[in-house]
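Working notes, structure below.
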Amino acid sequence: MAVSKKYITAEELKKHNKREDLWISVQGKVYNVTDWIKQHPGGDIPILNLAGQEATDAFIAFHPGTAWKYLDNFFTGYYLQDYEVSEVSRDYRKLCVEFTKAGLFEKKGHGVICSFCFIGFLLFLTFYGVLFSDSFLIHMLCGALLGLTWMQISYLGHDSGHYVIMTTRGFNKMVQILSGNCLTGISIAWWKWTHNAHHVACNSLDYDPDLQHLPVFAVSPNLFKSLNSMFYGRELTFDSLAKFFVSYQHFTFYPIVCISRVNLFVQTLLLLFSKRKVPDRFLNILGILIFWTWFPLLVLTLPNGTERVLFVLTSFAVTGIQHVQFCLNHFAADVYVGQPKGNDWFEKQTAGTIDIDCSPQMDWFFGGLQFQLEHHLFPRLPRCQLRKISPIVQELCKKHNLPYRSLSFYEANRWTIRTLRTAAIQARGLLWEAVNTHG
């Protein structure tokens with residue numbers, strides 16, 4: 001005898017949107033993930049951001065086919081009564097199936113081996129030049145090479161954070177700790193915490209940590225309202241200091257980005273020594289200790305204080321090119337205020353990203369992330385496949401009249417500075433208004 005299905009409405013589903021009572025819907029089936037959130041490999045933030053919602057597209061984007069079998073453990077017995085699939089989502093899911101059948105998610109090419117070899121070669125040149133040369137110019141060149149090395153290591157760590165680049169998950173974790181913590185001084189735990197939140201809440205001013213840079217930068221006047229950061233759990237205060245910095249942010253952008261690595265070091269330490277639950281805390285701290293052993297020792301082998309400072313600044317400045325790139329991918333794109341919605345996944349990714357147009361010969365330099373939209377739509381896709389699928393994504397955007405923005409590196413910089421300048425002019429007006437009011 002057939003058992004009749006039990007249904008709940010989307011409005012009823014929304015009521016289960018708290019950490020202690022958390023339901024989501026995937027393909028119309030409703031799951032209780034209240035307990036699972038504590039052990040979710042991707043952290044709690046992505047699930048919390050989509051709590052009480054239909055989240056099929058996000059689930060497909062972040063999970064391999066093997067993850068589906070675990071969902072039944074959380075099935076509530078309810079189905080979503082008003083479950084509908086938009087034409088955009090239907091086409092997106094169809095693409096995911098086609099890419100899976102074609103084996104694109106598994107075909108990683110030789111990129112990992114090449115990256116390891118290239119990184120090893122750059123590190124060898126850096127250490128050799130510092131330890132066996134007395135030339136000031138060689139030392140500065142080595143500083144630049146170290147910065148370039150950090151860029152390439154970051155791409156490798158980024159890849160290992162999104163999908164398994166090694167033969168086993170254990171080896172993959174080892175690469176994450178090695179590439180992130182040991183070699184760059186930036187915790188892979190911190191990266192996962194912030195990066196997964198960024199992917200789910202792409203360009204939400206109050207949910208995406210990658211746009212929350214007050215008091216230094218503000219990409220939208222909406223940030224002048226002192227929004228509450230749902231990621232950090234505090235107010236993004238737009239006070240007099242923030243007004244001053246933001247008023248000149250189109251001038252200070254590049255200088256600040258050149259030393260922004262310092263902020264990443266600080267953020268890493270704040271997380272690892274916080275009360276927040278941190279996966280593999282001991283391994284992360286051990287990796288950071290390794291970095292803060294070899295890096296200062298390398299710098300101290302330089303002959304004098306001037307060279308040491310210039311060496312560090314050079315390495316930071318070169319790595320700053322990567323930080324600029326990440327800003328170009330999002331700062332000038334569309335932003336919004338509020339919780340991300342699971343039923344407009346594709347649309348939000350197209351609105352919140354900008355690709356960087358470059359020749360195939362430069363793919364190594366940008367780490368594949370110049371295809372930012374492609375990466376956001378298919379985060380598990382190896383970087384060597386992103387250029388191949390780009391025309392397909394463009395066609396899908398064109399079909400549904402959605403933006404696909406691909407700019408040259410120069411033009412993307414112009415858009416970003418223009419965005420910062422527009423916000424700066426408005427902030428400056430508020431600053432002078434405050435000065436005139438309070439004397």
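When a residue number appears, it is its place in the shown sequence, counting from 1.
- Residue Leu50 comes nearest to Ala58 through the heavy atom pair CD1-CB, 3.6 Å, listed as atom of the first residue, atom of the second, then distance.
- Aromatic ring orientation, Tyr92 versus Phe378: tilted (interplanar angle from 30° to 60°).
- Donor-acceptor pairing under 3.5 Å is recorded for the side chains of Ser89 and Ser86.
- Ion pairing of Arg405 with Asp334 is present here, as a side-chain N (NZ or NE/NH1/NH2) and a carboxylate O approach within less than 4.0 Å.
- Judged by distance alone, the side chain of Lys341 and the main-chain N or O of Glu54 form no donor-acceptor pair under 3.5 Å.
- Side-chain atoms of Thr56 and Gln27 form no donor-acceptor pair, as typed in the model, at a separation below 3.5 Å.
- In the model, His330 has no side-chain atom that pairs as donor or acceptor with a side-chain atom of Asp210 under 3.5 Å.
- One finds the CD1 atom of Ile37 at 3.5 Å from the CG atom of Leu48 (value rounded to the nearest 0.5 Å).
- A salt bridge is defined here as a Lys NZ or Arg NE, NH1 or NH2 lying under 4.0 Å from an Asp or Glu carboxylate O, and Arg414 with Glu411 meets this definition.
- Of the possible donor and acceptor atoms, none in the side chain of Ser204 sits under 3.5 Å from a partner among the backbone N and O of Ala201.
- With sequence neighbours excluded, no residue forms a ring pair (Phe, Tyr, Trp, His ring centres under 6.0 Å) with Tyr404.
- No side-chain heavy atom of Ile356 sits less than 4.5 Å from a side-chain heavy atom of Leu407.
- Between atom CD of residue Glu106 and atom OG1 of residue Thr100 there is a gap of 8.5 Å, rounded to the nearest 0.5 Å.
- With sequence neighbours excluded, the residues satisfying ring pair (Phe, Tyr, Trp, His ring centres under 6.0 Å) with His213 are Phe331.
- Put simply, the side chain of Asp206 gets close to the backbone of Gly338: a donor and an acceptor are under 3.5 Å apart.
- Here the straight-line distance linking atom OG1 of Thr268 with atom CD1 of Ile188 works out to 10.0 Å at 0.5 Å rounding.
- Side-chain atoms of His158 and Arg383, non-hydrogen and from C-beta on, never get closer than 4.5 Å to each other.
- For an aromatic pair to be called close, the ring centres must be under 6.0 Å apart, and Trp191 with His162 satisfies this.
- Panel note: side chain Asp208, backbone Asn203; a donor-acceptor pair is recorded below 3.5 Å.
- Separation of the Trp36 and Phe74 ring centroids falls under the 6.0 Å cut-off.
- In terms of modelled atom types and a separation under 3.5 Å, the side chain of Thr319 and the main chain of Gly147 share a donor-acceptor contact.
- If you check the side chains of Asn413 and Tyr254, you find a donor sitting under 3.5 Å from an acceptor.
- Counting only N and O atoms by type, the side chains of Thr353 and Asp355 include no donor and acceptor under 3.5 Å apart.
- Using modelled atom types and a 3.5 Å distance limit, the side chains of Gln249 and Ser247 yield no donor-acceptor pair.
- In this structure, Arg428 is positioned above the aromatic face of Tyr248, its NZ or CZ under 6.0 Å from the six-membered ring centre and within 45° of the axis.
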Donor-acceptor contacts under 3.5 Å from residues 358-371 side chains, at least two apart:
| residue | atom | partner | partner atom | Å |
| --- | --- | --- | --- | --- |
| Ser359 | OG | Gln361 | OE1 | 3.3 |
| Asp363 | OD1 | Gln370 | NE2 | 2.6 |
| Asp363 | OD1 | Arg387 | NH2 | 2.7 |
| Asp363 | OD2 | Arg387 | NE | 3.0 |
| Trp364 | NE1 | Gln361 | O | 3.0 |
| Gln370 | OE1 | Gly368 | N | 3.2 |

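- For the pair Ile354/Leu328, no side-chain contact is recorded, criterion being any heavy-atom separation below 4.5 Å from C-beta on.
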Show which side-chain atoms of residues 112-133 pair as donor or acceptor with protein atoms under 3.5 Å away, not counting sequence neighbours.
| residue | atom | partner | partner atom | Å |
| --- | --- | --- | --- | --- |
| Ser115 | OG | Gly111 | O | 2.9 |
| Thr126 | OG1 | Leu122 | O | 2.9 |
| Ser133 | OG | Ser135 | N | 3.1 |

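- Trp294 and Cys182 make their closest contact through NE1-O, 2.7 Å (heavy atoms, listed as atom of the first residue, atom of the second, distance).
- At distances below 3.5 Å, not a single donor-acceptor pair connects side-chain atoms of Glu235 with backbone N or O atoms of Leu227.
- Between the side chain of Asp57 and the main chain of Trp345, no donor-acceptor pair closer than 3.5 Å is present.
- Here the side chains of His400 and Thr350 are not in contact, with every heavy-atom distance at 4.5 Å or above.
- Checking each of Trp150, Trp292, Trp190 against Phe265 for a ring pair (Phe, Tyr, Trp, His ring centres under 6.0 Å) leaves exactly one that passes, namely Trp292.
- The list of side chain to side chain donor-acceptor pair (under 3.5 Å) pairs with a residue in residues 224-233, not counting sequence neighbours, reads Gln212-Ser229, Asn222-Lys225.
- Proximity of the aromatic rings of Phe231 and Trp193 is defined here by a centroid distance below 6.0 angstrom, and this criterion is met.
- Ring geometry for His63 against His40 counts as tilted: the plane angle lies between 30° and 60°, on a 0 to 90° scale.
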I'd like a table of donor-acceptor pairs (distance under 3.5 Å, sequence neighbours excluded) in which one partner is a side-chain atom from residues 276-288, with atom names and distances.
| residue | atom | partner | partner atom | Å |
| --- | --- | --- | --- | --- |
| Arg276 | NH2 | Asp44 | OD1 | 2.8 |
| Lys277 | NZ | Lys38 | O | 3.0 |
| Asp280 | OD1 | Lys173 | NZ | 3.4 |
| Asp280 | OD2 | Lys173 | NZ | 3.2 |
| Arg281 | NH1 | Leu272 | O | 2.6 |
| Arg281 | NH1 | Ser274 | O | 3.2 |
| Arg281 | NH2 | Arg276 | O | 2.5 |
| Asn284 | OD1 | Asn181 | ND2 | 3.0 |
| Asn284 | OD1 | Ser187 | OG | 2.6 |
| Asn284 | OD1 | Ala189 | N | 3.3 |
| Asn284 | ND2 | Pro279 | O | 3.3 |
| Asn284 | ND2 | Asp280 | O | 2.8 |

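- No donor-acceptor pair closer than 3.5 Å links the side chain of Asp344 to the backbone N or O of Glu347.
- Ring to ring, Phe59 and Trp68 are close: their centroids are under 6.0 angstrom apart.
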